[in-house]
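Taking it in order: structure first as structure tokens, then the write-up.
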Amino acid sequence: MRLKRQRGVRAENQQDVLRLIDRYDTNKKADIRKRAIYLVNLITANRPSEMVRLKMSDFDLENRSVWVMMKKQGEMKEKRLTLECVQSMSKYIQTCELQPEDYFVGASDKWGNHTSRQIHEDSYNQSIHAWLGFAPYTFRKPQITAMYNKGADIPTIAKQSGHKSHQTIMEHYINLKSSDVDEFL
């Protein structure tokens with residue numbers, strides 16, 4: 001019996017995604033908000049359902065981490081943040097005068113004024129797609145691929161991405177080429 005090959009969404013290069021995000025490195029309130037959201041989504045490899053549930057109190061910028069409620073697993077997981085992400089978050093907090101009880105993503109008007117209410121993940125998906133041209137779930141693959149290419153082992157990648165199954169990471173996110181195998185023969 002011949003099996004059908006599975007093909008997933010191609011992983012965007014993390015550096016290309018970061019260049020897209022850097023377009024929002026301005027002093028406009030709306031851009032400051034978008035950049036913080038993009039960087040957190042990319043670095044944490046969060047699912048849209050996890051992003052819309054984040055509150056400001058979940059972030060510990062001093063220790064460069066965020067506690068994320070993993071909807072699939074039903075538990076809180078700590079994820080690490082980069083220095084660039086923390087700096088962007090700090091600017092977002094100051095500019096929008098965010099409080100610990102505020103939702104991180106929340107709603108906003110066309111001028112970037114933040115309203116602390118949880119938005120639906122469909123609204124989040126539509127916003128990210130309109131701003132960047134791809135779905136927010138796409139942030140997961142570049143981060144996981146970049147971590148793997150930098151030499152991170154699968155348990156480390158699982159911790160940051162929130163996966164319980166190492167097999168899922170290998171099957172859906174890490175695309176090995178024959179030359180990768182040849183290197184170790």
Side-chain angles (χ1 to χ4, degrees), residues 3 5-25 34-54 58-92 104-105 121 124-125 128-129 131-185:
L3 298 177
R5 290 182 68 184
Q6 287 186 344
R7 292 198 189 265
V9 176
R10 181 178 65 86
E12 299 292 332
N13 180 294
Q14 186 191 40
Q15 293 305 314
D16 292 343
V17 174
L18 285 169
R19 274 192 284 283
L20 282 173
I21 293 170
D22 282 343
R23 291 186 307 178
Y24 295 93
D25 192 7
K34 290 174 187 176
R35 189 166 197 277
I37 291 169
Y38 297 153
L39 286 172
V40 168
N41 203 160
L42 176 66
I43 301 306
T44 62
N46 279 341
R47 295 169 183 92
S49 62
E50 297 157 359
M51 288 297 292
V52 297
R53 287 173 175 76
L54 285 176
D58 296 326
F59 290 89
D60 181 355
L61 298 185
E62 189 174 306
N63 292 310
R64 291 179 27 188
S65 66
V66 59
W67 284 91
V68 179
M69 177 52 151
M70 307 302 293
K71 186 178 175 185
K72 279 184 151 181
Q73 291 89 351
E75 60 188 19
M76 296 291 281
K77 294 274 186 174
E78 181 184 28
K79 294 187 177 191
R80 304 293 299 154
L81 301 172
T82 62
L83 182 58
E84 178 183 23
C85 188
V86 168
Q87 290 169 338
S88 182
M89 285 285 305
S90 296
K91 191 172 181 179
Y92 176 40
F104 167 62
V105 173
E121 61 187 272
Y124 181 70
N125 287 337
I128 297 296
H129 195 275
W131 298 336
L132 284 179
F134 55 79
Y137 209 89
T138 307
F139 281 121
R140 289 175 66 76
K141 201 160 190 173
Q143 182 62 19
I144 291 169
T145 303
M147 289 178 72
Y148 182 77
N149 290 339
K150 290 176 185 174
D153 58 16
I154 300 303
T156 302
I157 294 170
K159 180 175 174 32
Q160 184 68 3
S161 65
H163 282 99
K164 272 191 172 180
S165 168
H166 297 182
Q167 182 179 351
T168 299
I169 294 170
M170 292 306 297
E171 286 179 7
H172 300 284
Y173 294 95
I174 308 298
N175 297 318
L176 296 174
K177 302 179 288 290
S178 296
S179 60
D180 295 333
V181 176
D182 292 345
E183 180 182 337
F184 295 100
L185 296 178

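Of the inter-residue distances, the one linking T44 atom OG1 with L39 atom CG reads 10.0 Å to the nearest 0.5 angstrom. Between Q160 atom CD and E78 atom CD the span is 9.5 Å, to the nearest 0.5 Å. Atom CG of residue L81 and atom CG of residue L61 lie 7.0 Å apart, to the nearest 0.5 angstrom. Taking CE of M170 as the reference point, atom CD1 of I154 lies at 5.0 Å (rounded to 0.5 Å).
Not counting sequence neighbours, the partners of A152 by the side chain to side chain contact (heavy atoms under 4.5 Å, CB included) test are M147, T156, I157. In this structure R47 satisfies the salt bridge (charged side-chain N to carboxylate O under 4.0 Å, His left out) test together with E50, sequence neighbours excluded. Annotation: side chain to side chain contact (heavy atoms under 4.5 Å, CB included) contacts of R23 (sequence neighbours excluded): L20, L132. With sequence neighbours left out, the salt bridge (charged side-chain N to carboxylate O under 4.0 Å, His left out) criterion links E75 to K77. With sequence neighbours left out, K91 forms a side-chain hydrogen bond (donor to acceptor under 3.5 Å, both in side chains) with N27. Listed by chain and number, the residues in a ring pair (Phe, Tyr, Trp, His ring centres under 6.0 Å) with F104 are F59, Y92 (sequence neighbours excluded). For S90, there are no side-chain hydrogen bond (donor to acceptor under 3.5 Å, both in side chains) partners at least two apart in sequence or on another chain. With sequence neighbours left out, R140 forms a salt bridge (charged side-chain N to carboxylate O under 4.0 Å, His left out) with no residue at all. When the ring pair (Phe, Tyr, Trp, His ring centres under 6.0 Å) test is applied to Y124, no partner is found at least two apart in sequence or on another chain. Residues passing the salt bridge (charged side-chain N to carboxylate O under 4.0 Å, His left out) test with D60, sequence neighbours excluded: none. The side chain to side chain contact (heavy atoms under 4.5 Å, CB included) check on Q87 picks up L83, with sequence neighbours excluded.
Contacts classified as ring-ring contact (aromatic ring centres under 6.0 Å, His included) and involving residues 68-90 (residues at least two apart or in different chains) are not found.
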message: With side chain to side chain contact (heavy atoms under 4.5 Å, CB included) as the criterion, how do H163 and I144 come out once you've worked through the C-alpha distance, each side chain's angles and the decisive distance to 0.1 Å?
response: CA-CA 11 Å; H163 282 99; I144 291 169; 3.9 Å; yes
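By the 30° and 60° cut-offs, the orientation of the rings of Y24 relative to Y38 is perpendicular.
Comment: D16 engages R19 in a salt bridge, judged by a side-chain N to carboxylate O separation of less than 4.0 angstrom.
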